[in-house]
Amino acid sequence: MSVNNTGVSKFGGGLPEWVVLGDNVIVKPFTCIGMAGFGFQVGKKGKYRIPLVRKPHNFKVVIGHDVEIGCGCCIDRGSWRDSIIGSGTKLDNLIHTGHNTQIGKHCLIAVGATIGGSVTIGDFCEIGMNAMIGQGLTITNKVTIGMGSVVLKDIVEENTTWAGNPARKIRDEQVNL
Ligand SMILES: CC(C)(COP(=O)(O)OP(=O)(O)OC[C@H]1O[C@@H](n2cnc3c(N)ncnc32)[C@H](O)[C@@H]1OP(=O)(O)O)[C@@H](O)C(=O)NCCC(=O)NCCS
């Protein structure tokens, strides 16, 4: 596991104080937890300041109990709130969760999913292979997102299944992956 705040991968180090792991957490090789997120300062008009300057990322990554994180994942720390992975949630390989992103309990996230910064995902959600969730979105509880889908708006209906690009509701119930 690699953990530091410089954006430089460093293997074999201990956990810094901004990464909090629950009990019985499995983290597989080549996963980086607690790196600064991909967030840069903007000027008064909302445009990026040039030269680009990374925002401070001083919040934590908090991982609940019984979480599994596969190989080659990146779980970035927060700039305005803690990044969280809830208890019981399982991440496959090669998953990115952006800064400030909070994932609920008992979620299942398949290989290659890209979850943008400041996303909020409820409990019991399932996200298919290579799905993308746009930054800042909120997905309620018990939602399945199909493989390869691109979620562009909040999903507020519990117990539903969404798929496609842009993702649309395909079922009024949650289909398991
Ligand atoms: C979303 C999902 C769960 C839906 O399964 P389902 O309810 O059996 O869906 P169906 O195959 O009956 O398809 C229903 C419709 O949605 C469409 N659809 C289903 N999944 C889709 C996807 N991922 N992207 C785009 N469209 C999709 C189908 O083409 C079909 O459209 P049609 O009615 O116009 O023919 C499934 O398709 C999926 O994406 N599973 C993810 C698999 C995965 O990542 N597994 C992880 C392994 S570890």
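We use all heavy atoms of the structure for the numbers below, so side chains are in, but hydrogens, waters and symmetry mates are not. Whatever order the structure lists ligands and atoms in, that order sets their numbers, starting from 1.
Of the options Ala113, Gly112, Gly164, the smallest heavy-atom separation from atom 24 (N) of ligand 1 is shown by Gly164. One option in Gly148, Ala110, Ala163 has a heavy atom closer to atom 22 (C) of ligand 1 than any other, and that option is Ala163. If you check each of Arg171, Lys169, Glu126 against atom 10 (P) of ligand 1, the one with the closest non-hydrogen atom is Arg171.
In the vicinity of Ile170, heavy-atom distances shorter than 4.0 Å reach the ligand 1 atoms 4 (C), 16 (O), 19 (C). Near Gly128, meaning under 4.0 Å from any of its heavy atoms, are these atoms of ligand 1: 44 (O). Remark: ligand 1 atoms within the under-4.0 Å shell around heavy atoms of Leu177 are 41 (C), 45 (N).
Of the residues listed (Leu91, Ile33, Val67), the one engaging Val27 in a side chain to side chain contact (heavy atoms under 4.5 Å, CB included) is Ile33, and it is the only one.
In this structure, Ile133 CD1 and Ile127 CD1 are separated by 4.5 Å, a value rounded to the nearest 0.5 Å. From His99, atom NE2 reaches atom CZ of Arg54 across 9.5 Å, with rounding to the nearest 0.5 Å.
Shortest contact from atom 5 (O) of ligand 1 to any protein heavy atom: Val175 CG1, 4.0 Å. Among all protein heavy atoms, the one lying closest to atom 23 (N) of ligand 1 is Met147 O, 2.8 Å. The closest protein non-hydrogen atom to atom 44 (O) of ligand 1 is Met129 N, 2.9 Å. Of the protein's non-hydrogen atoms, the one nearest atom 36 (C) of ligand 1 is Gly146 CA, 4.9 Å.
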When you look at Asp172 and Asn159, which way does the side-chain contact (heavy atoms from CB on, under 4.5 Å) test go after all the steps? CA-CA 7 Å; Asp172 279 312; Asn159 198 23; over 6 Å; no

- Determine, step by step, whether Gln135 and Ser118 satisfy the side-chain hydrogen bond (donor to acceptor under 3.5 Å, both in side chains) criterion, reporting the C-alpha distance in whole Å, the side-chain angles of both residues, the deciding distance to 0.1 Å, and the verdict. CA-CA 6 Å; Gln135 71 275 15; Ser118 305; over 6 Å; no

May I have the step-by-step check of side-chain hydrogen bond (donor to acceptor under 3.5 Å, both in side chains) for Ser79 and Asn100, ending in yes or no? CA-CA 6 Å; Ser79 60; Asn100 315 303; 3.2 Å; yes

Under the criterion side-chain contact (heavy atoms from CB on, under 4.5 Å), I'd like the reasoning laid out for Ile115 against Ile109: C-alpha separation, chi angles, the key distance, then a yes or no. CA-CA 10 Å; Ile115 302 174; Ile109 304 183; 3.9 Å; yes

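With 3.5 Å as the limit, one finds no donor-acceptor pair spanning the side chains of Thr101 and Arg81. If you check the side chains of Gln174 and Thr144, you find a donor sitting under 3.5 Å from an acceptor.
In this structure, atom 33 (O) of ligand 1 has its sub-4.0 angstrom surroundings free of protein heavy atoms. At least one protein heavy atom sits closer than 4.0 Å to atom 27 (C) of ligand 1. Distance screen at 4.0 Å: atom 13 (O) of ligand 1 has no protein heavy-atom neighbour inside the cut-off. The nearest protein heavy atom to atom 39 (O) of ligand 1 is closer than 4.0 Å. Less than 4.0 angstrom separates atom 47 (C) of ligand 1 from none of the non-hydrogen atoms of the protein. Distance check for atom 7 (O) of ligand 1: a protein heavy atom is found below 4.0 Å.
The number of heavy atoms from other shown groups lying within 6.0 Å of NZ (Lys90) is above 12.
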